[in-house]
Number of protein chains: 2
Amino acid sequence: MSETAADLVNALREEGLRITKARRAICEVLGAAPDAHLTAADIREQAQEVIGTRIDESTVYRTLDTLEERGYLHHIHPGHAPGVIHLSVVAEHHHLVCEDCGRIVDVPLDELEPLLEGVAAEHGFIIDSVHFALMGRCWECGWAARMKAFGPE
Amino acid sequence: MSETAADLVNALREEGLRITKARRAICEVLGAAPDAHLTAADIREQAQEVIGTRIDESTVYRTLDTLEERGYLHHIHPGHAPGVIHLSVVAEHHHLVCEDCGRIVDVPLDELEPLLEGVAAEHGFIIDSVHFALMGRCWECGWAARMKAFGPE
DNA sequence: CTCGATGCAAAGGTTTTGCACCAGG
DNA sequence: CCTGGTGCAAAACCTTTGCATCGAG
């Protein structure tokens with residue numbers, strides 16, 4: 001078990017939550033790839049492999065909710081795609097999501113946070129930087145699109 | 001019929017698209033409140049009132065898709081809430097969405113666009129500024145949350 | 001033993017799709 | 001006419017909820 005996963009489990013224990021097979025497996029998955037961009041479905045699949053038995057979707061969602069309530073993780077909304085889960089212990093960052101291929105690129109918070117915070121504050125807002133994704137096109141897909149645009153002529 | 005709505009209809013005609021009752025009504029709704037933040041359901045409801053007959057959801061979605069493909073509108077993803085439709089002719093802006101009350105505040109593009117563009121470019125991304133929302137808390141909800149935090153003690 | 005967590009089933013809300021029919025140009 | 005647009009029905013998709021049962025502490 002990864003150190004991160006163990007930390008997570010211990011944290012849950014200290015919160016007075018029960019350590020079940022499903023939860024341990026989910027923590028394992030999250031801890032194994034702390035900087036991955038996993039959906040609930042991904043996590044469920046991998047967690048099932050870890051323990052070799054079925055875990056219900058509802059269990060996954062409820063566990064993730066619990067973990068998020070306690071501040072151990074966040075989720076973001078990458079456009080149309082399903083929500084992406086995100087460990088809080090990992091250095092926080094913004095997300096650039098490619099609308100074409102779904103690729104997600106991380107941008108260190110300090111590159112954008114101060115700017116966003118300032119502008120938001122002027123409009124009476126407190127920005128929640130870890131809860132949204134910036135949409136756009138990655139270099140590859142942007143290039144493909146330009147090629148296509150030039151092609152037909 | 002608002003001028004904006006008429007422009008939209010004319011634009012559709014010039015694209016060789018057919019002007020149906022449903023489409024005219026939808027254009028009417030969009031043109032009537034060009035800077036509103038409407039969901040597909042809102043648009044459907046209002047469009048039905050305009051013509052007094054039923055319009056199917058699928059028709060609304062297909063019409064909006066068509067309009068978006070041709071560049072007459074955009075949609076954004078305000079977190080968990082349904083997608084929000086947005087006329088392109090209106091001065092474009094970023095959106096701050098309150099996670100608690102759903103309120104949406106507009107931020108002129110020029111306040112953020114250059115900053116976002118620069119950072120995104122460093123990561124090989126071309127930002128699509130009109131296709132996402134920045135999440136956070138509006139002043140009112142942030143205040144309510146702080147009161148609640150202080151209350152129980 | 002007790003309460004919290006699970007699985008199962010069902011529903012929720014939004015958006016998409018297939019198909020036969022209708023109507024715009 | 002003829003093709004594109006519509007309504008209807010059904011499904012897809014992600015997520016949430018109710019309820020009886022199970023198992024961690």
Side-chain angles (χ1 to χ4, degrees), chain A residues 8-27 37-45 47-48 50-70 73-85 97 99 102 131 133, chain B residues 8-27 37-45 47-48 50-70 73-85 97 99 102 131 133:
Chain A
L8 249 185
V9 171
N10 286 332
L12 290 192
R13 205 190 318 274
E14 275 162 33
E15 299 251 9
L17 298 172
R18 294 189 181 163
I19 312 303
T20 65
K21 275 187 187 177
R23 285 187 174 169
R24 200 187 297 275
I26 290 171
C27 290
H37 299 107
L38 303 172
T39 65
D42 295 335
I43 293 171
R44 180 177 174 225
E45 237 169 283
Q48 288 181 148
V50 168
I51 55 173
T53 63
R54 182 186 158 71
I55 302 177
D56 198 74
E57 299 112 340
S58 58
T59 300
V60 175
Y61 281 110
R62 282 192 274 232
T63 300
L64 295 178
D65 278 0
T66 304
L67 289 174
E68 183 154 17
E69 272 170 23
R70 316 275 169 142
L73 53 81
H74 300 292
H75 70 272
I76 59 168
H77 304 277
H80 303 122
V84 167
I85 278 50
V97 177
E99 296 172 346
H131 198 188
Chain B
L8 250 185
V9 171
N10 286 333
L12 290 192
R13 205 190 316 275
E14 275 162 33
E15 299 252 9
L17 298 172
R18 293 190 182 162
I19 313 302
T20 65
K21 276 186 187 176
R23 284 187 175 169
R24 198 186 298 275
I26 290 171
C27 291
H37 298 107
L38 303 171
T39 65
D42 294 336
I43 293 170
R44 180 178 175 224
E45 239 169 282
Q48 287 182 146
V50 168
I51 53 174
T53 64
R54 182 186 159 70
I55 302 177
D56 199 73
E57 299 112 339
S58 58
T59 300
V60 175
Y61 280 111
R62 283 191 273 231
T63 299
L64 295 178
D65 278 359
T66 303
L67 290 174
E68 183 153 16
E69 271 169 25
R70 317 274 168 142
L73 53 82
H74 299 291
H75 69 271
I76 59 167
H77 305 277
H80 303 121
V84 167
I85 278 51
V97 177
E99 296 173 344
H131 196 189

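In the text below, chain A, chain B and the rest are named by the order of the sequence lines, each starting its count at 1. In this text the structure is predicted, and so the values were computed from the model without any measurement.
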Task: Nucleotide dA5(C), atom P - distance to CG of Leu64(A) in whole Å - done: 14 Å
Task: Interatomic distance where CD1 belongs to Ile51(A) and P belongs to dA5(C) [whole Å] - done: 16 Å
- [ ] Give the minimum heavy-atom separation between Val60(B) and Ala40(B), together with the two atoms involved.
- [x] CG1-O, 3.8 Å
Task: Minimum-distance pair of heavy atoms, taken over all atoms of Val84(A) and Pro78(A) - done: CG2-CG, 3.7 Å
Task: Where Gly102(B) and Val97(B) come nearest, the two heavy atoms and their spacing - done: O-CG1, 4.4 Å
Task: Residues which pass salt bridge (charged side-chain N to carboxylate O under 4.0 Å, His left out) with Arg44(A), listed by chain and number, not counting sequence neighbours - done: Glu57(A)
TODO: Report the distance from atom CG of Leu67(A) to atom C1' of dA5(C), rounded to the nearest whole Å.
DONE: 13 Å
TODO: Start with the C-alpha gap between Ile26(B) and Leu64(B), add the side-chain angles, then the distance that decides, and say whether side chain to side chain contact (heavy atoms under 4.5 Å, CB included) holds.
DONE: CA-CA 9 Å; Ile26(B) 290 171; Leu64(B) 295 178; 4.3 Å; yes
TODO: Check every nucleotide of DNA chain D for an atom under 4.0 Å from a heavy-atom of chain A, then give the first and the last such nucleotide from 5' to 3'.
DONE: dC14(D) to dG25(D)
Open item on the list: Run the salt bridge (charged side-chain N to carboxylate O under 4.0 Å, His left out) test against Glu45(A) and tell me which residues pass, sequence neighbours left out.
Closed with: none
Could you list, one pair per line, each protein nitrogen or oxygen that sits under 3.5 Å from a nitrogen or oxygen of nucleotides 23-25 of chain C, together with the distance?
residue	atom	partner	partner atom	Å
dG24(C)	N2	Arg18(B)	NH2	2.7
dG25(C)	OP1	Ile19(B)	N	3.1

Open item on the list: Tell me the closest heavy-atom pair linking Ile55(B) and Gln48(B), and the distance in Å.
Closed with: N-OE1, 2.9 Å
Open item on the list: So, taking the atom named CG in Leu73(A) and the one named CD1 in Ile43(A), what distance separates them when rounded to the nearest 0.5 Å?
Closed with: 7.5 Å
Open item on the list: To check you understand the geometry: which heavy-atom pair defines the closest contact between Arg18(B) and Arg23(B), and what is its length?
Closed with: O-NH1, 3.0 Å
Task: Stems involving DNA chain D, each a run of at least 3 consecutive Watson-Crick or G-U pairs under 3.5 Å - done: C:1-25 with D:1-25
Task: From His37(B), His74(B), His75(B), residue fulfilling side-chain contact (heavy atoms from CB on, under 4.5 Å) relative to Ile85(B) - done: His75(B)
Open item on the list: Checking the side chain of Arg13(A) only, and the main-chain atoms of Ile19(A) only, is there a donor and an acceptor separated by less than 3.5 Å?
Closed with: no
Which atoms of nucleotides 14-17 of chain C (N or O only) lie under 3.5 Å from a protein N or O atom, and what are those distances?
residue	atom	partner	partner atom	Å
dT15(C)	OP1	Gly83(B)	N	3.2
dT15(C)	OP2	Tyr61(B)	OH	2.4
dT15(C)	O5'	Tyr61(B)	OH	3.3

- [ ] Using atom types as modelled and distance alone, determine if a side-chain donor or acceptor of Asp42(B) lies under 3.5 Å from a backbone N or O of Thr39(B).
- [x] yes
- [ ] Mind listing the closest non-hydrogen atom pair of Gly79(A) and His77(B) along with its distance?
- [x] CA-CD2, 3.6 Å
